[in-house]
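Here is the structure we will look at.
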Amino acid sequence: MQTVSIMTWIARTALPRKIWLRSKKRYLEKKKKKMKEIIKAKRPFVRKELSRNDAIKFFSSLGETYKVELLNEITDETVTVYEEGDFTDLCRGPHLESTGKVKAFKLLSVAGAYWRGDEKNKMLQRIYGTAFPSKEELKKHLDFLEEVKKRDHRRLGKELDLFSLNDDIGAGLVLWHPRGAAIRRAIENFWLDEHHKAGYQILYTPHMAKLDLWKKTGHLDFYKENMYSPMEIEGLEYEIKPMNCPFHVSIFKSHLRSYRELPLRFAELGTVYRYERSGVLHGLLRVRGFTQDDAHIFCREDQIEDEVLRVLDFTLFILKTFGFSDYDIYLSTRPEKYVGAEDAWTKATGALEKALIDKGLKYEIDPGEGVFYGPKIDIKVRDSLGRQWQCSTIQVDFNIPERLDINYRGSDSKDYRPIMIHRALMGSLERFFGVLIEHYAGAFPFWLSPVQISLLTISERHAEYARGILNALIKEGIRVDMDDDNEKIGYKIRKATMLKTPFMCIIGDKEMENNTINIRKRNGDNVGEMTIDALTAFLKNEISNRR
RNA sequence: GCCACCGUAGCUCAAUCCGGCAGAGCAUCGCAUUCGUAAUGCGGAGGUUAGGGGUUCAACUCCCCUCGGUGGCUCCA
């Protein structure tokens, strides 16, 4: 969505070593002026062909070592360069015919980037900018960026008092405030109910386990860089969990399993801790402690496809309930570092693909992006601004059943190894919450809203009547609050509107006399006067339809 | 982790460039007002300027370290 390009002709002067925020703005301002001049001059870009050797000589004489490095790797005998005035750049092209063709542009930011995208290389400064064929299109894009800023979950999280991250607690560790926790509870209740209906059994497991367990599972070999250092308890080492699977396996193994029990579906809202490098942490979207809506399905090989189909249906239903009906699906295949037999990978990948084809779902292959223990299907949702977010993942695993030696007794009284399917629909509650905040711009649908309805009194003498309504609605399980502050009604409406409370009840003399309330929506629409019974029925209907 | 920048009252931000009494709006608290659909008025309180060290007669301001955040890079639920 965002247009990013390296404009070679603004890179003509190197960035100063140190840039203050204010001088950074000034710096971009200066660059902008220079660019405008160049555009106005309508200087042509001239394409030239050089032999590779001449090009190396030419760029070496300019001291452009990076271009020389690129040239040394090019095998073609001739290369193309583009000239604009006294500036010559190595580029395959094509270029615009002249600088005058640039109609609308904006420089956005300055940031470091590793030379050729490799963190072992030196870091260079990169200027980000965007250009469009017309001023209108540029404005549209800048408006979009403005809207993205307004919806930023970190900003809304503070404004709506949903969550916080605190210095004293630690980086990437989330505090859910009452209002955020109310939303989480609504999500969790929905999730638990639906999992029960879909034939899952709910588990709870500990936050840590002996280090030896993680050796057995292979995590210490393949996942070490994401795990925290172990802690010692009475001479034994324990590790805080980065994944839930070993615990679920342990429950599977707690007694002998029959083929009749399969598929066995274990689900848990399991909190895991993973080491993430400080620079990658980002609000709720990238944290160090998070709760996965995890599940592990133990099944026979011939049940994989059917189970994957069920999971796909289930996932799309859950996502749809949260207002996501647009998504992109990816099938990730065997990575370089992997465990298990090639034959098993082929079979599992085939099963995943067949399920996608049966459902008639469009998907792309993501080569080599599978997890070390098996191939996976990832579903990335598109939010109301069309941005892509990775949430759901369905992974086949034939490594852990092998390593942890899990079996079931077949109809022939022999032991067989089950296949394990890992899946998370929302991914992590933290990330999903962050995505939801941005998707709804903080204006949650009624069933998710932290406060669903606010009772606003006109003056002190209405407080008692309002309190009666408050208690009645609380009894009905509605998240309601009352604003009986000594303030004008306009101010109370403003407060509730800014908190994006879906409904407000205005309570004054008229309502008290008629034994009614008057409802107003957060967008300003008036729903009208109704009795308490009618209100309760109306609100319950909204909840059951998840609006 | 790497590069650059930032951290001032609960929140949003001045004062930092060029060292010289740390300031405003909102929120909070008190008083007045009892009001009909997006801000009633007046007053009070609120700070070891993220933490630590250094330079200086003097540090929010300059230097170093630590912690945290932002934009990217690399990696990912």
Side-chain angles (χ1 to χ4, degrees), chain A residues 4 15-27 108-128 152 154-155 158-159 161 164-172 223 225-226 242-243 272 274-294 369 371 376 378 380 389-393 395 422 424-432 434-435 456-463 484-498 504-511 518-526:
Chain A
V4 175
L15 274 173
R17 203 177 59 78
K18 203 171 176 184
I19 305 165
W20 281 271
L21 185 66
R22 238 178 288 169
S23 65
K24 179 175 123 187
K25 270 186 201 153
R26 224 181 290 146
Y27 175 80
L108 298 167
S109 65
V110 182
Y114 293 108
W115 166 239
R116 313 190 79 177
D118 188 334
E119 65 176 318
K120 287 186 196 82
N121 287 338
K122 215 179 132 184
M123 187 163 269
L124 309 174
Q125 291 300 320
R126 183 183 286 175
I127 301 171
Y128 286 81
D152 192 314
R154 292 166 299 178
R155 173 191 180 140
K158 215 180 264 179
E159 282 173 12
D161 196 14
S164 63
L165 295 150
N166 184 297
D167 223 10
D168 297 328
I169 308 288
Y223 208 70
E225 61 276 18
N226 282 297
M243 288 191 190
V272 297
R274 296 182 186 173
Y275 169 68
E276 297 286 355
R277 309 207 277 179
S278 56
V280 307
L281 299 173
H282 181 91
L284 293 177
L285 301 180
R286 198 71 185 277
V287 295
R288 285 182 175 159
F290 57 97
T291 301
Q292 292 182 307
D293 67 319
D294 210 356
E369 290 302 308
V371 203
K376 62 173 180 170
D378 283 334
K380 298 187 183 179
W389 304 97
Q390 153 93 61
C391 294
S392 320
T393 180
Q395 311 173 344
H422 306 240
L425 311 186
M426 300 183 284
S428 98
L429 288 176
E430 284 74 8
R431 173 179 288 181
F432 195 71
V435 173
L456 316 179
T457 55
I458 301 273
S459 86
E460 258 169 34
R461 66 177 173 279
H462 309 116
D484 61 348
D485 281 0
N486 182 5
E487 286 290 351
K488 289 189 173 179
I489 193 67
Y491 182 66
K492 295 185 186 182
I493 288 171
R494 180 184 157 78
K495 271 198 287 183
T497 306
M498 294 206 303
M504 290 161 234
C505 278
I506 317 295
I507 296 165
D509 286 343
K510 199 173 82 185
E511 290 76 17
N518 223 316
I519 309 193
R520 175 197 156 102
K521 290 198 207 169
R522 63 185 154 203
N523 65 7
D525 289 354
N526 218 332

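All heavy atoms count here, side chains included; hydrogens, waters and symmetry mates do not. Throughout, protein chains are lettered first and strands after them, A, B, ... in sequence-line order, and every chain is numbered starting at 1.
- Within 4.0 Å (heavy atoms only), A:Glu511 reaches at least one base atom of the nucleic acid.
- Between the side-chain ring of A:Phe290 and the base of B:A77, a stacking contact exists by the 5.5 Å and 30° definition.
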Given Watson-Crick and G-U pairs under 3.5 Å, RNA chain B in dot-bracket ([ ] crossing, | other strand) is (((((((..((((......[..))))..((((.......))))......(((((..]....))))))))))))....

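- Checking side-chain atoms of A:Arg274 against main-chain N and O of A:Pro242 turns up a donor-acceptor pair under 3.5 Å.
- Expressed to the nearest 0.5 Å, how far CG of A:Leu456 lies from NZ of A:Lys495 amounts to 9.0 Å.
- No donor-acceptor pair closer than 3.5 Å links the side chain of A:Lys376 to the backbone N or O of A:His422.
- Protein atom CD1 of A:Ile458 is 9 Å distant from nucleotide atom P of B:C35, rounded to whole Å.
- Remark: P of B:C35 and CG of A:Asp509 are 8 Å apart, rounded to the nearest angstrom.
- No engagement by A:Val272 is indicated, since no non-hydrogen atom pair under 4.0 Å with the nucleic acid exists.
- Comparing B:C76, B:C35, B:A39 by their nearest atom to the side chain of A:Arg431 picks out B:C76.
- Distance A:Leu285 CG to B:C75 P: 19 Å, rounded to the nearest Å.
- Nucleic acid contact for A:Arg288: none, since no nucleic acid atom lies under 4.0 Å from a heavy atom of the residue.
- In this structure, A:Gly279 and A:Met426 both approach RNA chain B, and ranking their closest nucleotides by distance from the 5' end singles out A:Gly279.
- Computed from coordinates, the A:Lys495 NZ to B:U40 P distance equals 10 Å when rounded to whole Å.
- Atom P of nucleotide B:C2 and atom CD of A:Glu276 are separated by 16 Å, given to the nearest angstrom.
- Among the protein residues, A:Gly508 comes within range of the nucleic acid bases, having at least one heavy atom under 4.0 Å from a base atom.
- Residue-level contact check: A:Arg461 touches the backbone only, with heavy atoms under 4.0 Å from sugar-phosphate atoms and none from bases.
- No engagement by A:Glu159 is indicated, since no non-hydrogen atom pair under 4.0 Å with the nucleic acid exists.
- Residue A:Arg155 contributes atom CZ, which lies 9 Å from atom P of B:C13 at whole-angstrom precision.
- In this structure, A:Glu460 reaches the bases: a heavy-atom distance under 4.0 Å links it to at least one base atom across the strands shown.
- The distance between atom CG of A:Leu456 and atom P of B:C35, rounded to the nearest whole Å, is 17 Å.
- One interatomic measurement links the two molecules: CZ of A:Arg277 to P of B:G69, which rounds to 16 Å at whole-angstrom precision.
- When heavy atoms are screened at a 4.0 angstrom cut-off, A:Ala424 is found touching no nucleic acid atom at all.
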